[in-house]
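By convention in this document, chain letters (A, B, ...) are assigned in the order of the sequence lines, proteins followed by strands, and residues within each chain are numbered from 1.
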Amino acid sequence: MKKTMMGNYAASWGAQLSRVQVIAAYPITPQTLIVEKLSEIVANGELDAEFIKVESEHSAMSACIGASATGARAYTATSAQGLALMHEMLHWAALARLPIVLTNVNRAMAPGWSIWADQNDSLSQRDTGLMHIFASSSQDILDSTILGYKVSEQVLLPTLISFDAFFLSHTVEVVDMPLIEDVDKFLPPYNPEYKLDVNDPRSFGALTSEEHYYEFRYKMQKAMEDAIGLIKKEGREYEKLTSRYYDLIHPYRCEDADLILVTSGTIAETTNVAVDELREEGKKVGNLRIRVIRPYPKQDILKAIKNCSKIAVIDRNISCGYHGIFAQELKSALYNETDIPVWGYLAGIGGRDVKIENIKEISDETLKSKEPEDMIMKGVKV
Amino acid sequence: MKNIPQKVIHQYLRHQKKFPHVWCAGCGNGIILGDLLRAIYNLGIKKDNIAMVSGIGCSSRMPVYVDFNTLHTTHGRAIAFATGLKFAKPEMHVIVITGDGDAAAIGGNHLIHAARRNIDLTIIIINNSIYGMTGGQYSPTTPTGKKATTAPYGSIEPTFDLCELSRCAGASFVARSTAYHTIETRKIFEKAILKKGCSVIEVISQCPVVYGRLNNITSPVKMLEWQRDNTIPVSAISKLPAEKIKGKIVRGIIHDVDKPEFTEEYDKLVKQFEKQSDNYKNNTKNNS
């Protein structure tokens with residue numbers, strides 16, 4: 001059933017279709033609509049769930065952890081400062097191996113106070129042990145929520161779904177809603193092997209000496225590696241249901257491209273349009289959209305870029321003191337594997353709009369350039 | 001009260017730089033800001049001797065608009081930032097502007113610990129019973145049964161009495177006023193700013209656009225009248241029969257005691273050890 005909705009509501013309906021049982025959240029712009037819609041859905045009886053409006057984001061994730069440990073399907077949503085406040089509990093959720101799905105609306109960190117799109121908030125959580133998806137459309141947000149639970153509950157790791165503030169959170173798009181009966185078949189109720197149960201008491205979060213902690217990390221790493229195959233497998237299952245396939249990377253016209261642009265989030269959608277225009281101008285350019293950054297799809301990327309001669313990464317984030325984070329990740333994946341040069345570009349920081357012409361400029365600049373550069377800060381006013 | 005023309009208030013505002021402000025028509029924040037500026041004017045405190053610190057929310061936008069030393073911090077943490085500021089500059093008048101969500105939910109911990117330490121801060125909590133800026137989620141002061149976007153059929157949660165909370169936690173000065181009672185508010189602000197110790201002032205305010213709309217009272221005038229009709233001065237409690245007090249919100253100075261202030265106590269301790277150290281140095285010098 002096709003509906004028009006804002007990106008935020010796609011997250012709400014994704015949670016509803018996933019039949020989440022506990023929702024704990026705290027308001028923050030631009031996430032609020034997700035939670036408001038869910039509170040309405042719950043209050044109207046369209047979803048049998050407990051809705052808790054807690055006193056901070058830290059408490060939101062804590063409540064989700066508690067709920068998930070009892071075997072309930074838990075959900076929360078936040079943005080920027082809220083995600084930063086959750087940080088401690090993100091580590092906890094991952095190490096406790098609780099398959100919570102959370103939505104983060106990518107917003108710039110303060111100060112200066114900003115509510116506009118920027119990926120530094122969620123990329124700062126890169127090493128918490130969460131699987132991390134960057135959605136690029138409202139449809140992607142909804143489907144990723146369902147797929148997120150499906151994969152999370154098998155590998156027992158949380159999933160973080162991020163998408164750009166306003167460009168996606170408050171933009172109305174057409175979303176094809178899967179039927180709940182189909183989703184029910186795809187996503188059975190969560191029934192973990194270990195959970196808090198008065199009839200079968202267990203202890204969570206016990207003191208762990210150096211005898212065992214390393215092995216916890218080993219198991220998490222293995223779970224992440226397993227997730228790569230599972231994301232693809234479940235993606236194919238989901239495709240049978242909806243005719244939509246989601247992979248870790250989404251290459252667009254990359255097969256014969258001389259230059260591949262590497263993008264994420266809404267910039268990836270704009271880049272697809274730019275690529276079409278560049279192709280019409282006779283320039284062989286492709287777009288490699290990174291949808292999942294954890295687990296990192298190294299082998300998929302190597303396969304996708306193997307025929308090109310140049311790569312340009314566009315980052316809406318910066319690790320100050322080094323450079324764009326997607327560029328860093330890509331270069332580390334390519335090292336020892338290929339000699340294809342990589343150009344790093346920054347664009348769209350703090351919600352600055354990245355237009356088709358900006359992407360074409362980046363493309364033209366890279367095609368002309370002979371020396372790769374770590375970071376070219378496009379459009380910075382200095 | 002001295003008759004203060006608008007021009008006097010303007011000297012405290014960044015009105016040529018930062019206006020128009022973000023507050024909706026009918027909001028109480030402007031009225032309360034006016035009361036505060038008049039209080040500061042009456043006290044004759046220099047602008048540079050005031051630091052205004054806020055968190056996040058509609059009321060927390062206030063420092064943006066005033067020409068003091070200002071700090072617009074993260075959600076709930078204004079009091080924590082202000083504690084550091086007061087320690088570094090104990091001679092400054094540090095005024096915290098916060099709201100019910102900011103001070104009582106995400107920042108509740110900082111509120112009770114500032115009160116417990118009795119640190120010399122003037123904490124003004126503008127209580128509009130809702131998270132206005134993010135679109136109307138219920139807060140710890142949304143009256144039970146009232147609607148919010150996260151409580152479409154009414155909130156089932158009990159509320160905080162912010163004055164009782166602060167008094168019990170140890171604040172030396174606790175008062176309540178409303179946006180309607182501007183003169184009272186100004187006078188309370190004057191006393192609170194001069195008070196050595198933690199002062200907590202809850203100012204009940206109206207949010208016609210979000211709280212009012214969700215609860216079918218969209219007229220700011222009606223909301224101000226509600227504040228007039230549903231509050232009684234603390235001085236009237238002993239004079240009124242029980243049925244007249246029932247269900248009414250008490251306003252005025254609820255609690256005012258003198259007790260040790262945190263930065264002064266700290267200073268005393270430092271001085272005591274400095275003295276001991278000086279004595280020690282003098283003794284060793286005399287001995288050698």
Side-chain angles (χ1 to χ4, degrees), chain A residues 6 8-9 12 23-47 49-63 76-87 105 107-115 121 165 169-170, chain B residues 18 22 53-58 60-64 70-78 80-81 99-112 130-142 146-160 165 210 213-214:
Chain A
M6 276 192 264
N8 273 342
Y9 291 153
S12 318
I23 302 152
Y26 189 77
I28 183 166
T29 304
Q31 152 268 31
T32 29
L33 296 173
I34 302 175
V35 181
E36 283 176 7
K37 176 59 82 183
L38 272 169
S39 81
E40 198 184 299
I41 290 170
V42 173
N44 288 343
E46 292 171 271
L47 173 66
E50 304 298 326
F51 177 87
I52 327 164
K53 214 225 76 197
V54 287
E55 64 284 345
S56 78
E57 287 86 356
H58 192 276
S59 311
M61 186 39 79
S62 304
T76 187
T78 188
S79 183
Q81 308 294 129
L83 188 69
L85 187 57
M86 254 182 211
H87 177 77
V105 186
R107 156 186 157 176
M109 294 298 294
W113 280 111
S114 166
I115 51 172
D121 58 348
S169 68
H170 286 63
Chain B
K18 295 290 180 185
V22 296
V53 187
S54 74
I56 291 292
C58 297
S60 289
R61 287 289 289 219
M62 201 178 275
V64 175
T70 62
L71 199 53
H72 184 196
T73 77
T74 58
H75 198 16
R77 314 300 157 199
F81 278 85
D100 44 307
D102 198 51
I106 195 164
N109 203 22
H110 305 302
L111 176 68
I112 56 173
I130 204 144
Y131 288 87
M133 183 166 271
T134 47
Q137 299 75 26
Y138 68 88
S139 85
T141 63
T142 303
K146 292 293 179 187
K147 287 179 184 169
T149 50
T150 44
Y153 298 106
S155 169
I156 54 164
E157 295 188 17
T159 59
F160 260 141
L165 179 72
V210 181
R213 178 171 49 83
L214 292 168

On a heavy-atom basis, the closest approach of Ala105(B) and Tyr26(A) is CB-OH, 4.1 Å
Please examine the side chains of Ile106(B) and His58(A), heavy atoms only from C-beta on, and report whether any two atoms are closer than 4.5 Å. no
Quick one: CD1 on Ile115(A) to OG1 on Thr134(B), what's the gap to the nearest 0.5 Å? 11.5 Å
Need one label for Pro111(A): side chain, backbone, both or neither, based on atoms under 4.5 Å from any heavy atom in chain B. neither
Give, as side chain, backbone, both or neither, the part of Leu85(A) having an atom under 4.5 angstrom from any heavy atom of chain B. side chain
With chain B as the partner chain, list the residues of residues 37-45 of chain A whose heavy atoms fall under 4.5 Å from it, by residue number, and write 'none' if nothing qualifies. Ser39(A), Glu40(A), Ala43(A), Asn44(A)
Going through the distances and angles, do Gln137(B) and Thr32(A) end up as a side-chain contact (heavy atoms from CB on, under 4.5 Å)? CA-CA 8 Å; Gln137(B) 299 75 26; Thr32(A) 29; 3.2 Å; yes
Non-hydrogen atoms of chain A under 4.5 Å away: do they reach the side chain of Thr73(B), the backbone, both or neither? backbone
Do side-chain atoms of Trp113(A) reach the backbone of Thr74(B) as a donor and acceptor pair under 3.5 angstrom? no
Cut-off 4.5 Å, heavy atoms of chain B, and the answer for Glu36(A) is both
Dump the intermediate steps for side-chain contact (heavy atoms from CB on, under 4.5 Å) on His75(B) and Gln81(A), then the final yes or no. CA-CA 8 Å; His75(B) 198 16; Gln81(A) 308 294 129; over 6 Å; no
Is Phe51(A) atom CZ crowded by more than 12 heavy atoms from other residues, nucleotides or ligands, each under 6.0 Å away? yes
